[in-house]
2 protein chains.
Amino acid sequence: MLTDRQAAILRLVVQEYIETAEPVSSRSLVEKHQLPISSATIRNEMARLEEDGYITHPHTSAGRVPAEIGYRRYVESLMAEDPIAPAEQRTIEHQLHQVLGGLDEWLSLAATILAASVGNVAVVTRPQATGAHLKHMQLVELHGESVLLVAVMDDGRVRQRILPQPTPTRQDVLNERTLRLNARMAGLGGAATQLLATEISDPEDATIVRAVAELIEEQRYTEETFLDGLRAALEQPEFASVDRMLMAVQQLQAYRVRRLVEQARGGRLGITRVLIGREHGVEGMQEWSVVVSSYGDAAGSIGAVAVLGPTRMHYERTIPRVRYVAALMSHLIEGVR
Amino acid sequence: MLTDRQAAILRLVVQEYIETAEPVSSRSLVEKHQLPISSATIRNEMARLEEDGYITHPHTSAGRVPAEIGYRRYVESLMAEDPIAPAEQRTIEHQLHQVLGGLDEWLSLAATILAASVGNVAVVTRPQATGAHLKHMQLVELHGESVLLVAVMDDGRVRQRILPQPTPTRQDVLNERTLRLNARMAGLGGAATQLLATEISDPEDATIVRAVAELIEEQRYTEETFLDGLRAALEQPEFASVDRMLMAVQQLQAYRVRRLVEQARGGRLGITRVLIGREHGVEGMQEWSVVVSSYGDAAGSIGAVAVLGPTRMHYERTIPRVRYVAALMSHLIEGVR
DNA sequence: ATTAGCACTCTCAACCGGAGAGTGCTAATG
DNA sequence: CATTAGCACTCTCCGGTTGAGAGTGCTAAT
């Protein structure tokens with residue numbers, strides 16, 4: 001267990017290191033905070049903290065640097081969240097309301113705003129229906145030779161697919177079929193639609209129903225991610241060498257980021273999780289931390305808002321901001337529907 | 001005008017520099033290619049080439065480096081395109097056929113394949129209708145309080161927008177309205193739809209028609225780009241310092257890349273353009289070249305396939321590959337419809 | 001016109017050397 | 001017994017120097 005004094009010192013070490021990115025020395029702590037104890041005492045305490053794994057040493061004559069456990073402890077119980085100034089809140093909210101295009105533009109904008117606010121990589125994933133249901137579908141004739149199937153889900157997302165058509169079909173015939181099939185499929189989930197397909201005798205109808213079933217399910221796997229802030233993150237001193245920077249760029253490949261965010265996010269809304277370094281278990285990204293929060297609507301459509309950065313990250317700033325943006329998005333997505 | 005010998009030397013200088021990324025010396029040329037002239041002669045010729053602006057000098061005792069005009073001349077008349085081996089053709093084609101999801105996944109895949117093939121940044125933009133027309137639109141009720149408008153264009157793309165609804169409307173009422181409005185709007189372009197909106201007396205109908213008009217036009221501006229190969233490009237020696245790498249990352253911001261590609265592409269299909277360094281006029285990217293080709297279908301839906309890289313780029317390899325991928329995509333997009 | 005030869009320039013890597021920063025330990029102190 | 005002053009020791013980092021190597025440009029000879 002840590003004594004109060006050890007905890008206080010650990011806190012200062014983490015704060016100072018997050019601020020300056022330089023190993024922090026015993027003397028600098030005393031001077032900077034006018035501590036009522038000497039640097040030698042600090043050194044003794046630091047040695048204890050190092051024994052317990054909270055901090056480390058780059059080399060013999062360097063100051064101390066937080067270890068993963070040190071950050072963990074800091075985030076868990078030593079840190080005070082940095083409140084978002086009302087002015088900044090307003091700025092963020094205002095920017096987020098400037099939605100011009102569709103959902104995608106909006107998510108991309110959210111990533112940009114968040115990235116700018118925390119100075120690290122921000123990632124936003126598309127909200128994913130957990131068990132979406134079909135609201136409505138429509139068949140549209142294309143070039144007379146193929147048919148466009150448009151399916152609208154009850155969470156407002158739209159998916160389309162082009163179906164080859166052996167014989168040309170006129171639009172009014174398609175309208176009739178649309179009407180007929182909608183009557184049977186509306187409100188069904190993926191599994192139920194799949195089941196329905198097996199019960200339909202008309203082969204063309206069955207093809208369409210099967211396609212709709214796939215569209216409903218498909219959403220689960222085509223989760224796109226919107227990312228911004230690469231430049232800012234790469235400016236962090238941890239990447240201040242060509243090799244490290246290249247590594248970082250490689251590590252931020254889309255699929256890895258997705259894995260990381262997926263790994264880290266808890267299902268429930270309103271909860272912000274923090275995974276530090278190896279805690280997330282995505283290999284090759286041991287030196288990255290992630291702060292993630294889910295957003296979504298009551299209907300169960302859920303996406304993630306996350307910030308990625310080096311383990312030396314402004315957790316005090318990042319955590320409330322991720323939470324705030326996620327909450328805003330939940331609110332907006334609810335309102336827009 | 002260049003003598004034959006000067007042209008030959010310029011060609012060797014450019015080739016050698018593209019290959020090695022190091023200034024090329026007179027002696028190395030003689031040795032490597034067993035030229036029947038001495039290095040002193042080469043030096044004299046090089047001095048002429050430098051006077052005419054084809055090559056430069058990093059510093060007094062360094063070899064020669066191609067200047068923009070040198071590259072231009074090389075691409076124009078000195079270079080022989082590097083044919084794509086049948087095996088590689090098959091690989092590319094095969095990969096490109098592995099389409100799982102929708103259009104977006106496909107474009108993203110194309111960017112990845114091209115990037116891997118040329119070792120630089122590859123960009124693919126969504127095909128954009130040049131003057132799209134409405135094929136069909138549909139209104140779908142959401143939560144009883146807002147309405148989802150889905151518009152299908154005659155080139156197969158789908159756009160949606162959520163419209164607030166003062167009073168809840170039942171789906172069958174919406175269906176009726178859908179039918180009525182489709183009869184008047186189908187086949188119209190953006191401008192015609194806009195005009196139509198002014199002639200409609202029912203305010204709710206007018207709102208919808210106006211929204212459709214915007215959706216038709218909107219496509220022109222929400223052109224998304226799919227990008228891959230950042231890592232490979234950053235490995236080029238021109239970015240081998242932290243500052244330069246950061247610059248590069250910043251320069252590859254989405255909107256700039258879009259401007260660049262937009263700037264560079266010629267409208268017509270089948271033509272591959274090369275813009276070297278300052279030729280494209282996008283400020284801050286003077287050291288980037290772009291090779292771009294349009295793709296699309298006969299219906300006039302056009303997107304771009306491009307490769308970005310430092311001016312020292314394997315033009316012989318890149319140009320045919322960009323052209324090939326663009327042609328493949330034109331073919332595929334035609335076939336899919 | 002070509003080329004051998006050479007002086008001159010510039011870069012680059014390696015190699016000190018010393019200042020500076022920090023620690024760990026020991027011994028003294030309240 | 002916790003705290004602290006003092007000091008030796010270690011490691012990094014920076015600036016300056018040096019010499020090798022690579023290339024050019026020029027001159028004079030062929």
Side-chain angles (χ1 to χ4, degrees), chain A residues 1-10 12-13 16-17 19-67 70 237-238 240-242 244, chain B residues 1-10 12-13 16-17 19-67 70 237-238 240-242 244:
Chain A
M1 253 313 63
L2 293 184
T3 65
D4 283 0
R5 193 168 68 181
Q6 284 170 341
I9 290 175
L10 176 57
L12 290 180
V13 169
E16 192 68 15
Y17 184 67
E19 205 56 53
T20 64
E22 312 242 300
V24 345
S25 75
S26 52
R27 186 146 51 87
S28 72
L29 280 191
V30 177
E31 283 178 6
K32 199 152 191 174
H33 301 91
Q34 281 123 301
L35 300 183
I37 49 181
S38 80
S39 66
T41 309
I42 306 257
R43 281 202 286 285
N44 288 333
E45 295 285 39
M46 278 175 161
R48 291 296 304 272
L49 285 172
E50 182 157 4
E51 255 176 46
D52 295 353
Y54 291 100
I55 55 184
T56 17
H57 239 172
H59 57 86
T60 10
S61 74
R64 292 320 210 288
V65 163
E238 9 276 288
S241 91
V242 172
R244 301 187 154 245
Chain B
M1 248 316 60
L2 294 184
T3 65
D4 283 1
R5 193 167 69 182
Q6 284 171 341
I9 290 175
L10 176 57
L12 289 180
V13 169
E16 193 68 16
Y17 184 68
E19 204 56 53
T20 64
E22 314 244 298
V24 343
S25 76
S26 53
R27 187 145 51 86
S28 73
L29 280 191
V30 177
E31 282 178 7
K32 201 152 191 174
H33 301 90
Q34 281 124 303
L35 302 184
I37 49 181
S38 78
S39 66
T41 309
I42 306 258
R43 280 202 286 286
N44 288 334
E45 295 286 38
M46 279 175 160
R48 290 298 302 273
L49 286 171
E50 183 156 5
E51 257 176 44
D52 295 354
Y54 291 101
I55 55 183
T56 18
H57 239 171
H59 57 86
T60 10
S61 75
R64 290 322 207 289
V65 163
E238 10 275 290
S241 91
V242 172
R244 302 189 152 243

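So you know, we letter chains A, B, ... as the sequences are listed, proteins then strands, and number each from 1. All figures in this text were calculated on a predicted structure; none of them were measured in a lab.
- Taking 4.0 Å as the cut-off between side-chain N and carboxylate O, A/E238 and A/R244 do not count as a salt-bridged pair.
- Listed nucleotides C/dT3, D/dG25, D/dT4 differ in distance to B/S38; the shortest reach to its side chain belongs to C/dT3.
- Phosphate proximity of C/dC10 to B/T60: present, with a side-chain N or O under 4.0 Å from OP1 or OP2.
- Summarising the geometry, atom CZ belonging to A/R64 is positioned 9.0 Å from atom OG1 belonging to A/T56; distances are rounded to the nearest 0.5 Å.
- Atom OG of A/S25 is separated from atom NZ of A/K32 by 10.5 Å, given to the nearest 0.5 angstrom.
- We find that CZ of A/R48 is positioned 18 Å from P of C/dT23, with the value rounded to whole Å.
- Residue B/E45 holds its CD atom at 4.0 Å from CZ of B/R5, rounded to the nearest 0.5 Å.
- Contact annotation: B/R5 side-chain N/O to C/dT2 OP1/OP2 distance is under 4.0 Å.
- Side-chain proximity of B/H59 to C/dT11, C/dG22, C/dT3: nearest is C/dT11.
- Using modelled atom types, one side-chain atom of A/Q6 and one backbone atom of A/T3 make a donor-acceptor pair closer than 3.5 Å.
- We find that CE of B/M46 is positioned 15 Å from P of D/dC26, with the value rounded to whole Å.
- As a whole-Å value, the separation of B/E22 CD from D/dT24 P is 13 Å.
- One atom, CG of A/N44, and another, P of D/dC1, lie 15 Å apart when rounded to the nearest Å.
- Between the CG atom of A/L35 and the C1' atom of D/dT3 there is a distance of 14 Å, rounded to whole Å.
- When rounded to the nearest whole Å, the span between CD1 of A/I37 and C1' of D/dT4 equals 11 Å.
- Between D/dG25, C/dG24, D/dT10, one nucleotide has an atom nearer to the side chain of B/H57 than all others, and that is D/dG25.
- Nucleotide D/dT30: paired with C/dA1 (Watson-Crick or G-U wobble, both distances less than 3.5 Å).
- Residue contacts for B/S26: at a heavy-atom cut-off of 4.0 Å it reaches the sugar-phosphate backbone alone, with no base atom in range.
- Proximity note for A/R64 (side chain, C-beta onward) versus D/dT3, C/dG24, D/dT10: the nearest is C/dG24.
- Contact annotation: A/R27 side-chain N/O to D/dA5 OP1/OP2 distance is not under 4.0 Å.
- Contact annotation: A/S61 does not reach the phosphate of C/dA21 (side-chain N/O to OP1 or OP2, under 4.0 Å).
- The pairing partner recorded for D/dG25 is C/dC6, the criterion being a Watson-Crick or G-U wobble arrangement whose two distances lie under 3.5 angstrom.
- For A/T41, the side-chain atoms get nearest to D/dT3 when compared with the rest of D/dT3, C/dG24, D/dA5.
- The phosphate of C/dG22 has OP1 or OP2 within less than 4.0 Å of a side-chain N or O from A/S25.
- Looking only at distances, a side-chain donor or acceptor of B/T20 sits under 3.5 Å from a matching main-chain atom of B/E16.
- Atom CD of B/E50 and atom P of D/dT24 are 10 Å apart (whole Å).
- We find that CG of B/L49 is positioned 15 Å from C1' of D/dT24, with the value rounded to whole Å.
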